[in-house]
Amino acid sequence: SALVVKDRDLSGALAMLARPPALVVTDSQAFAQVAQDTPASVPLTSFSILFARFQGDLASFVEGALAIGSLRAGDRVLVAEACTHHPIQDDIGTVKIPRWLTRSVGAELAFSFTRGRDLPADLAAFKLVIHCGACMWNRREMLARQEQCRAAGVPVTNYGLAIAHSLGIFERALGPFPEALALYRAARPRA
């Protein structure tokens, strides 16, 4: 059975259940609040991370997210969306992700944005590409986009993974995907 609730109603809904859910899936924009309200024993991820696995190569996106830790002031970051919709106030791609990433890195970054099928000709100028879930594309199209980045030598990650990393809940968000979590743990920089 699936239960759909607003993020503000999650605590109450979890309290009413006879047993914990097998998985909580959130919109990546609500990650911080949902992670706080969901018991640590309950697996948690986001719609965007599910799409990273469904539409693309999750392992490659996880590796791309590791590049966030090496970003420095002034580094160029491309935020890419498959859709051509117009951004709204407090838009996830043009406002929220840059804000979370800047806060996480602790320095101002140089963000560029693209929508639709075209990427900038000189991808190598970027230190990181952060891509939407590509829900309007098929898997072949998303894998081709990942390959474009790989060929240019630029790490690429996904909105949900970038958000989870920026908010400090990356391992928890990867919990439902043991292979991806193991890859991250093996590749992450040691303190």
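Just so it is clear, the structure is predicted and the values come from calculations on it, not from any experiment.
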Closest heavy-atom contact between [X] and [Y]?
X: R145; Y: A80; value: NH1-CB, 4.0 Å
X: G160; Y: S28; value: CA-OG, 3.3 Å
X: A30; Y: D7; value: CB-OD2, 3.8 Å
X: C132; Y: A82; value: SG-N, 3.2 Å
X: P155; Y: A67; value: CG-CB, 3.6 Å
X: I68; Y: S104; value: CG2-OG, 4.5 Å

Taking [X] for its side chain and [Y] for its backbone only, find out whether a donor-acceptor pair lies under 3.5 Å.
X: T45; Y: A173; value: yes
X: T102; Y: P98; value: yes
X: T157; Y: G64; value: no
X: T38; Y: A35; value: no
X: Q55; Y: A52; value: no

Is there a side-chain contact between [X] and [Y] in this structure, where contact means two heavy atoms from C-beta onward sitting under 4.5 Å apart?
X: L161; Y: N158; result: yes
X: L17; Y: L3; result: yes
X: D57; Y: R150; result: yes
X: L101; Y: I130; result: yes
X: L128; Y: V156; result: no
X: P21; Y: V42; result: yes
X: D75; Y: F126; result: no
X: P39; Y: L14; result: yes

Would you compute the distance between atom [atom1] of [X] and atom [atom2] of [Y] and round it to the nearest 0.5 angstrom?
X: E141; Y: L143; atom1: CD; atom2: CG; result: 10.5 Å
X: L66; Y: F170; atom1: CG; atom2: CZ; result: 6.0 Å
X: F113; Y: I97; atom1: CZ; atom2: CD1; result: 9.0 Å
X: R76; Y: L71; atom1: CZ; atom2: CG; result: 13.0 Å
X: Q36; Y: S11; atom1: CD; atom2: OG; result: 8.0 Å
X: M142; Y: S60; atom1: CE; atom2: OG; result: 9.0 Å

Practice task
Would you sort out whether F31 and L44 count as a side chain to side chain contact (heavy atoms under 4.5 Å, CB included), showing the intermediate values?
Solution key: CA-CA 9 Å; F31 243 144; L44 169 69; 4.2 Å; yes

Problem - Worked check of side chain to side chain contact (heavy atoms under 4.5 Å, CB included) between L119 and L78 - result: CA-CA 9 Å; L119 287 178; L78 177 65; 4.0 Å; yes

Handout entry: Pair W137 and H131, ring centroids less than 6.0 Å apart
Key = yes

Exercise for the section: Return the set of residues passing ring pair (Phe, Tyr, Trp, His ring centres under 6.0 Å) with F51 (not counting sequence neighbours), or none when no residue passes. Expected result: F47, F54

Practice task
Could you note down all residue pairs passing salt bridge (Lys or Arg N to Asp or Glu O under 4.0 Å) where residues 156-181 supplies at least one of them, sequence neighbours left out?
Solution key: E171-R185, E171-R188

Exercise for the section: Inspect the surroundings of CZ in R53 and state if more than 12 heavy atoms from other residues, nucleotides or ligands are less than 6.0 Å away. Expected result: no

Practice task
I would like to know whether F177 and I49 meet side chain to side chain contact (heavy atoms under 4.5 Å, CB included); could you show each step before the answer?
Solution key: CA-CA 10 Å; F177 313 102; I49 294 173; 3.6 Å; yes

Handout entry: ILVMFWY network linking V5 to L50, side-chain heavy atoms under 4.5 angstrom
Key = yes

Handout entry: Same cluster (ILVMFWY, side-chain, under 4.5 Å), L23 and I163
Key = yes

Problem - side chain to side chain contact (heavy atoms under 4.5 Å, CB included) between D27 and S46, worked out - result: CA-CA 6 Å; D27 183 300; S46 75; over 6 Å; no

Exercise for the section: Indicate whether the side chain of S166 and that of R103 have a donor and an acceptor atom separated by less than 3.5 Å. Expected result: no

Practice task
Would you tell me whether Y159 and E81 have side-chain atoms, one donor and one acceptor, within less than 3.5 Å of each other?
Solution key: yes

